[in-house]
Each structure stands twice: as structure tokens, then as C-alpha cells.
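When a ligand or atom number is given, it counts from 1 through the structure's own listing order. Just so it is clear, the structure is predicted and the values come from calculations on it, not from any experiment.
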Amino acid sequence: MITPDRVVRTVCPYCGVGCALELHVKDDLIYRVTSPFDSVVNQGNLCVKGRFGYNFIYHPKRVTVPLVRRYLLEGQPRPPRAEAPQASYPGNGSTPSPWDWIETDWETALNLVADHLVRIYRESGPKAMATYGSAKATNEDNYLLQKIFRALFRTNNVDHCTRLCHAGSVTALMQSLGTSAMSNTAIEVLDSDVFIVTGSNTTENHPIIALHMKRAVRERGAKLIVVDPRRIELVDFAELWLPLRPGTNVAVFSAMAHVIVKEGLYNRAFIEARTEGFEEYVKSLEKFTPEFAENVSGVPAEDIRRAARLYATAKNGAIFWGMGISQLSHGTASALTLVHLALLTGHIGRRSTGLNPLRGQNNVQGSSDMGVMPFHFPGYMRVDAPGNAEKWEKAWNIEPGGLSRELGLTTTEILSHAGPHGVRALYIMGENPMMTEPNLNKTRHHIEQLDFLVVQDLFINETGVYADVFLPATPFAEKDGTFTNTDRRVQRVRAALPPRGQSRPDWQILCDVAKRIEARLGRPTAGWEYQHPSEILAEVSRVVPEYAGITYERIEKDGLQYPVWDLKHPGTPFLFSETFPRGRGRFIPLDYVTAAETPDDEYPFILTTGRLLEHWHGGTLTRHSSLDELYPQAYVEIHPADAEMHGIQDGMMVKVSTRRGEVALRAHVTEKTTVGVLFIPMHFAEAAANLLTNDVLDPQARIPEYKACAAQVFPLHEEMLSPLPRGRY
Ligand SMILES: Nc1nc2c(c(=O)[nH]1)N[C@H]1C(S)=C(S)[C@@H](COP(=O)(O)OP(=O)(O)OC[C@H]3O[C@@H](n4cnc5c(=O)[nH]c(N)nc54)[C@H](O)[C@@H]3O)O[C@H]1N2
Ligand SMILES: Nc1nc2c(c(=O)[nH]1)N[C@H]1C(S)=C(S)[C@@H](COP(=O)(O)OP(=O)(O)OC[C@H]3O[C@@H](n4cnc5c(=O)[nH]c(N)nc54)[C@H](O)[C@@H]3O)O[C@H]1N2
Ligand code: SF4
Ligand SMILES: [Mo]
């Protein structure tokens, strides 16, 4: 039995559930991970990532020294990118290239970053500057990053992966209710009698919330309705499964609303007291008969009726959703149909009901709260609404009118605007667009147009390869700060280990970058002299009312769920008991539109992409950890009927192509997918799903259509070359 030197309580760095962890450390090595039974979020439960996903911290490929390209160190002009791909790190010792990574000290790297950012800013102004924040990093890290770009470079070109994620849900909730976070606490599902899970593969992606859902069904008799094109594990627990074709949410959920209205199952008192636009909306529902929805979605009309009745007549009905709703070119409309169901039935504003977009990354809620978004300052204050910029000018000691009131560019737009007259300098803290943005062939072309790219990460990932300077940051286990989970709970993250090598916590790197930029610009602002992240959160709490009552002392143990209006306020487990932030909840009439690309003779399948339990996004963390052994290879899911028609056997190498690219990978023949639908996980660089995906955007939320595009598949070899490798298939 090993006796630990220390056991440090912190928060899991993977998903938005925000499970509490205890890291058992001996000789600066995490040798065991447990979770306290009294943790409010997970009660001692952890999924495989939370328990075993940490050895990326010690992976030999983790970069722990600042790196700059040889050309920068030698003061040469930037050479053509064509010479870059040969230069790897550590170098291969052959012919020196101007793009070789050279290890350097922090002073040199930080000065080069400041010199070149300021040079480009002087040459081309605020519109040439942009940054991506990180939903993996802390609130404090993210707050500082947007502060640098807003206060020093006067731009709102600040965004992060929320754009690729719940942007559709956020836009819908903002329009209809006036706020965007999850309305209720996930564990309240234990007291819901009916709940809908749609576009969320909860068991794989929010495993501990799925545990609560399964308990609600098995121990409390709750009825679960799953609306998903794939036979996800929760279908085994469901009363009803509606296997819709990808991209047809609006038809199915509007048809449910149609039934609720036609059969008089709506909550008249709630609609009168709390909503507006009902009459207009009811007219728009006429066309959404269950038969129409059956025709476009493939879901039997009768099942749509049953689902509608079940949800409408529940005592406490709740809706949980994920990317299958949001990641479509009509993601906003999809999410609005769910809002409408809650407003029609009054299943909102009470415990165990609500509208619950499950937030994905460990700190995507917090990064959004911190204003790492192009339309909002911290605290969701619109940059173009009167009075908001003034608040931040005061807080940051900036001359009146100094901050930009212009909406900035979003994540995908930042890269598509890269070029001599657009964005020239990009600072990426902890994101991997070269794996996670849609249509990678196009994204690669865009990233090559940049003049200067700073990447601050743990590894040189597929994006780091394009960087001019690489700044080595520390992961969660080597820093202090806070994460805000999917139930708006702000929790303490604590350093359990010293920074590895010369790596440093993001907030410290950012303060040092900021001071250098400030000095070069001669543009003093209020402070980059924080001694500890708690001082950064205190600065946020002074201006953002929802965080006003949150201090490090108060969240020592369990965290607090914002809004926390003052130092005495106990936090807010569920929202909207009296009113919605915009006053009345708004019904917004909708039309049905298909996905931008629908199947045809050339591309007869619908390709949808998503996740696996064992892996994380671009794979930078999990593929450098022992989780990779559990699921070492990419595959495409294909239904047995389709496989037979195309001469495909389980395990065979196949080629999947779309109008944008192709990948070669193994086929997994399974009834987990439905006829006509292919599924590829997004985690594997050697068969990157995003070479295939469509970069068309939702016009309002600007989220790409990751969940539906037209595709073709055919066998690469007649015979199977070798059996499938070990793993969970
Ligand atoms: N293991 C693991 N966990 C994760 C992550 C990870 O990378 N790995 N990422 C985290 C992040 S950032 C996020 S955002 C969440 C995402 O979590 P989820 O939202 O669960 O993610 P996905 O697997 O992308 O897609 C969810 C489901 O949408 C379904 N779907 C596809 N098209 C449609 C459609 O048109 N309509 C409907 N109704 N459903 C459809 C798919 O079949 C799939 O079951 O997971 C978080 N948790
Ligand atoms: N095809 C397809 N594409 C998708 C999706 C999909 O469903 N299908 N989903 C989209 C969604 S929902 C999301 S959220 C995005 C995610 O997209 P990204 O955010 O780009 O994905 P990650 O792989 O999580 O990248 C996180 C990076 O942060 C680094 N990192 C980890 N911790 C720290 C830290 O403390 N500090 C710093 N500086 N770096 C750190 C990691 O090494 C990694 O490189 O992907 C989107 N892309
Ligand atoms: S459910 Fe999410 S937060 Fe909890 S252990 Fe798993 S990955 Fe971590
Ligand atoms: Mo996400």
C-alpha cells in the first residue's frame, strides 16, 4: 500500500459534468484517482476518463520548453510556408530549415510574441488581431485572454469552441428566454417523471449524468423518450425511441407541438402568464402534422403522438439535449422547437423540469461567462448595447470610448478571414482547429494565410504545426483556478503537481504577455499584477452580477451555482421560477428546412459525426494517454442492410468520401446506426472526420453542420486484411 504525499481535491478536466476528483500524489506522480462520496455532482462516481485519463501529463511528447521558429530567432523575414512541413520537434538533425523549432527561454519567446503582435497591430489595426480561448483552461485564464485582446488590441475577435458546440442552443435560448445556460441541475432528473434526451449520447459523453438518468428510470419509474438517429445505449432504458433521420429535428419536435395543441394538452395558465407570441406560433404549427414529420424524418406518426402525450401530461417533464440539436445549419431552429415544447407545457421554472443543453467541455460554460465570445463582454453583456463597454472601460482603466463596440468575428470566421487584409495574427490558447473545425482541407488553406500564429498548449497538435511560437502551458493538475460546469457550478481547481519542465500556468503566461504588449503600445490598463488566480476572479465578481457572491473561500468545498447575487446568496439550482430574463418567454414561428446537403445518387448516405466514451475531440489528450489502448482505431459505423448492399464486411477497410474530402478507415457493421446513416467519430487524425464535414453555417448562430452531410462509402479491399484490433466496438 502506497502512502500518498498528498491527496488533492480538484475537478475533472474532461467533460462539463464537472466531477470532483482526489488526486493521490507520490513523488510528484499521480498514481491513483478517486472521488469523494460526498461530492454533490458525482457522489464518488467517475467515468473511465476521470479515473484513468491522466498520463498525458507525463507523455514524452508533451512540450515543456518555449519554442520559436529559427527564422524568428535569427531576425529573418518569415519564409514561405511550403518549407515548414519538414521541420518537426524535436528536430530530425538533417538540413536546418528556417522553420525548425528552437528551444528557448521564456524571456526570448515572450518578447518575440509581443514584438510581432504589436508590429501587426501597428501595421493593420484591431481587425488584424484575433484569439481563440480554451474551454479546457480555467475561468481566470480565459478572462485574461479576452482582456488582452479587448483592452490592448481593441478587438472583439475573441471566440472559442462554444461556437462549434452549443451556439445554436445559446442563440435560441437568448432569443426566446434571454439567457442561455442550463435551466436546472442535472441530478434533479431523479425527480422527473418524464424526460426527453435528444441529440445527446449521454452515456458516452456525460457519463455521470447518464448514471442519474438510468437511476431515474430503473429506481424511480421515470419514462424516458430518446430522439436520436443512432441506437445509443440510453435506448435500452427508453419507453420510446424516435430514430429520426439526421437534420429533421424541426419537423419531429414541431409535430409533437402540433399534437399538444390539437389535443388541448397545453398549459393555458402558464402560456397566458409567462409567454408571448402563442397565437402566431399556433398558426405556424398547422403544417407540422405527424404524417408530414413521418414523411421527412422516418419516425412513425403514431410514435410522435405518443411522445407528445407522454411529455405534455407529465408532472415534471425535462428536456436534455446535445450536439444532434445544435450542430446543424438550422441548429437555432432545432433548439427553438425544444424551447417551444417547454413553454407550451409549462415544464420550466420548477425543480426537475427545464431546458437543459448539456454543456460539453469542462469549462465551456465558464469560458462563455468570461466573455470569450465576439458579441459579449464577460457576463453576457452585448458589446454593442449601450452602457456595457463603459462598465469594462472603468474596470480596466481605459479611456471612454476605448473599447470596441463592434461585433467581432466568430471562431470559424476568424480563420476564413485570414489574409493580408483580414486577420493576420492569431493567438490560440488550447484549441485544435486543424482537427475540430469543419472541412479541414479548406481550414488548412485558411490557416496558411496567417502572418503570425501563437499556440499555447500542452502538445504540438495538428494546429501547433502551423505555429510561429509555441508557449508550453500547464494542464489542470498543475494550476489553481476555477471551472464552471454544466449546471453553472463554479468549482475550485487545485494544483497537485509542480509545473513540468519550464511549462507555466496559462494565467501567468498571459500576464507576462500582456505587460510586454502594454509597454510596447504605451497603453496602460488596470493591472496584470495578480499574485493568485483568486484576485482575477475577484475582478470578475466586481463587475459581473451573477458572479458577485462567488469567492474562493465560499467555493472551497462544493462550489456555488450562479447566479450568486451577493456574499450571502446560496446560489441558484434552477432558473426562471418567477420570470425569464427577457420577461416573457417568446414563441417564434418556424419553417422546416432540410440539412444543406441531402443524399443523392452520387452521395447516397447521410454522414453524421460525434464522439466515443474513451476519446476527446482531436485526441490531443486521450491519444497521449492509456485510454488510447481501449479504442485505438478509427472506424465508420454502417447498418448491416447497407453493408450487405455495398459488399462491406465488419472490419474491412473502406473509403468514405464527400464533396470535400475522403478518408480510409475500417467499417464497423452494426445496428447502432440506422439505414442510410454513417457515423464517424471525430477523434482520429489518421481518418479525420472533419476532412468530410460540411462547413456551411447556421445563419444566426454561425455553427457548422457537423451532424449531416451527403457521403458515399465503398470497400477498399475485397478481403479483410486483419481482424479488428482489440477494443470496445
Ligand atoms: N468521451 C467524450 N465525452 C465528451 C466529449 C468528447 O469528445 N468525448 N466532448 C464533450 C463536448 S465538448 C460536447 S459538446 C459533448 C457532446 O455530447 P453529445 O451531444 O452527446 O455528442 P455527439 O456524440 O457529438 O452527438 C450526440 C448525438 O447526436 C445524434 N444526432 C446526430 N444527428 C442528429 C439529428 O439530426 N438530430 C438528433 N436529435 N440527434 C442527432 C448522434 O446520433 C449522437 O448520438 O460531449 C462532451 N463529452
Ligand atoms: N466533426 C465534428 N467536429 C466537431 C464536433 C463534432 O461533433 N463533430 N464537435 C465540436 C465541438 S462540440 C467542440 S467543443 C469542438 C472542440 O474543439 P477543440 O476545443 O479544438 O478540441 P480539443 O481537442 O478539446 O482541444 C483542446 C486543446 O486544449 C489543450 N489543453 C488542454 N488543457 C489545457 C490547458 O490547461 N491550457 C492550454 N493552453 N491548453 C490546454 C489540449 O492539449 C488540446 O490541444 O470540436 C468541434 N468539432
Ligand atoms: S463524467 Fe465527465 S467530469 Fe465526470 S469523470 Fe467522466 S469525463 Fe470527468
Ligand atoms: Mo462541445
Which residue and non-hydrogen atom of the protein lie closest to atom 45 (O) of ligand 2, and at what distance in Å? T436 CB, 3.4 Å
Do you see a donor-acceptor pair shorter than 3.5 Å between the side chains of T622 and H615? yes
Give the atom numbers and elements of ligand 1 that come within less than 4.0 Å of a heavy atom of T198. 38 (N)
Quick one: which ligand 1 atoms are inside 4.0 Å of a heavy atom on G322? 19 (O)
Strictly under 4.0 Å, does any heavy atom of H166 approach an atom of ligand 1? no
Is it the case that T658 and N694 place a side-chain donor and acceptor less than 3.5 Å from each other? no
Who gets closest to atom 7 (O) of ligand 2 by heavy atom: Q327, M429, Q456? Q327
Name the closest protein heavy atom to atom 6 (Fe) of ligand 3, giving the residue it belongs to and the distance to 0.1 Å. C47 SG, 2.3 Å
Nearest heavy atom to atom 34 (C) of ligand 2, choosing from I460, D506, D457, belongs to D506
When only distance counts, is G199 in polar contact with ligand 1, meaning an N/O pair under 3.5 Å? yes
For E437, is at least one N or O under 3.5 Å away from an N or O on ligand 2? no
Closest heavy-atom approach to atom 21 (O) of ligand 1 among L621, N205, L613 is made by N205
Closest candidate by heavy atom, reference atom 1 (S) of ligand 3, pool V41, N45, I208: I208
For ligand 1, which atoms have a heavy atom of C165 less than 4.0 angstrom away? 14 (S)
Should S200 and W321 count as side-chain neighbours, where that means a heavy-atom distance under 4.5 Å? no
So do the side chains of L21 and S35 get within less than 4.5 Å of each other, counting heavy atoms only? no
Show which atoms of ligand 3 fall inside a sub-4.0 Å distance from at least one heavy-atom site of Y14. 7 (S)
Taking a cutoff of less than 4.0 Å between a non-hydrogen atom of the residue and any ligand atom, is A708 in contact with ligand 1? no
Less than 3.5 Å between some nitrogen or oxygen of D228 and one of ligand 1, yes or no? yes
Would the distance check show the side chain of T10 and the main-chain N or O of R494 forming a donor-acceptor pair, the cut-off being under 3.5 Å? yes
Can you check which of M323, K479, E431, E478 brings a heavy atom nearest to atom 35 (O) of ligand 2? K479
Could you verify whether a donor N or O on one side chain and an acceptor N or O on the other, from W507 and T138, lie under 3.5 Å apart? no
Just so I know, are the side chains of K49 and L627 near enough to count as touching, which here means a heavy-atom distance under 4.5 Å? yes
CA sep, side-chain torsions, deciding dist, call: T463, N432, side-chain hydrogen bond (donor to acceptor under 3.5 Å, both in side chains): CA-CA 5 Å; T463 306; N432 190 7; 2.6 Å; yes
So, is A137 polar-close to ligand 2, with some N/O to N/O distance under 3.5 Å? no
Within the 4.0 Å heavy-atom shell around T608, which atoms of ligand 1 are there? 31 (C), 32 (N)
Could you tell me the residue and atom name of the protein heavy atom closest to atom 2 (Fe) of ligand 3, and the distance to it rounded to 0.1 Å? C15 SG, 2.3 Å
Using a heavy-atom cut-off of under 4.0 Å, does the side chain or the backbone of R359 touch ligand 1, or both, or neither? neither
When you compare ligand 1 with T248, is there at least one nitrogen or oxygen pair between them that comes in under 3.5 angstrom? no
Identity and distance of the protein heavy atom lying nearest atom 4 (Fe) of ligand 3: C19 SG, 2.3 Å
Does a side-chain heavy-atom distance below 4.5 Å link Y592 with H330? no
Is the shortest side-chain N to carboxylate O distance from R230 to E204 below 4.0 Å? no
Kindly indicate, with the supporting measurements, whether the criterion side chain to side chain contact (heavy atoms under 4.5 Å, CB included) is fulfilled by M434 and T443. CA-CA 7 Å; M434 283 307 299; T443 309; 3.8 Å; yes
Number the atoms of ligand 1 from 1 as they appear, then name those within less than 4.0 Å of a heavy atom of L612, with their elements. 1 (N), 2 (C), 8 (N)
Can you tell me how the ring of F320 sits relative to the ring of F195, calling it parallel under 30°, perpendicular over 60° and tilted otherwise? perpendicular
Name the option, out of E233, H615, R611, K136, that contains the heavy atom nearest to atom 2 (C) of ligand 1. H615
Considering only heavy atoms from C-beta outward, does the side chain of L678 approach that of T673 to under 4.5 Å? no
Would you say T410 and E413 are linked by a side-chain donor-acceptor pair, where the criterion is simply a distance under 3.5 Å? yes
Got the closest protein heavy atom to atom 39 (N) of ligand 2, with its distance? G430 CA, 3.3 Å
Does L244 reach ligand 1 with a nitrogen or oxygen that is under 3.5 Å from one of the ligand's nitrogen or oxygen atoms? no
Between I232 and ligand 1, which residue portion shows a heavy-atom distance shorter than 4.0 Å: side chain, backbone, both, or neither? side chain
Against ligand 1, does H206 come closer than 4.0 Å with any heavy atom? yes
Determine whether the aromatic ring centres of Y311 and F253 lie less than 6.0 Å apart. no
Could you give me the CA-CA distance, side-chain angles and deciding distance for M323 and C165, then say whether side chain to side chain contact (heavy atoms under 4.5 Å, CB included) is met? CA-CA 7 Å; M323 295 301 104; C165 186; 3.6 Å; yes
For ligand 1, indicate whether the residue H683 contacts it via side chain, backbone, both or neither (heavy-atom separation under 4.0 Å). side chain
If you scan protein heavy atoms around atom 8 (Fe) of ligand 3, the nearest is C12 SG, 2.3 Å
Using a 4.5 Å cut-off on heavy atoms from C-beta on, say whether the side chain of P36 contacts that of E22. yes
At a 4.0 Å threshold, what atoms of ligand 1 neighbour a non-hydrogen atom of G247? 34 (C), 35 (O)
For the 3.5 Å polar cut-off, considering only N or O atoms, please tell me whether S134 and ligand 2 meet it. no
Just heavy atoms, cut-off under 4.0 Å: does M682 contact ligand 1 by side chain, backbone, both, or neither? neither
Could you tell me, atom by atom, which parts of ligand 1 come under 4.0 Å of a heavy atom of V227? 38 (N)
Given W616, F679, Y631, which one has a non-hydrogen atom that is nearest to atom 5 (C) of ligand 1? W616
Considering the options R489, R359, R488, which one meets the side-chain hydrogen bond (donor to acceptor under 3.5 Å, both in side chains) requirement together with Q365? R359
Which atoms of ligand 1 sit under 4.0 Å from any heavy atom of N249? 34 (C), 35 (O), 36 (N), 37 (C), 38 (N)
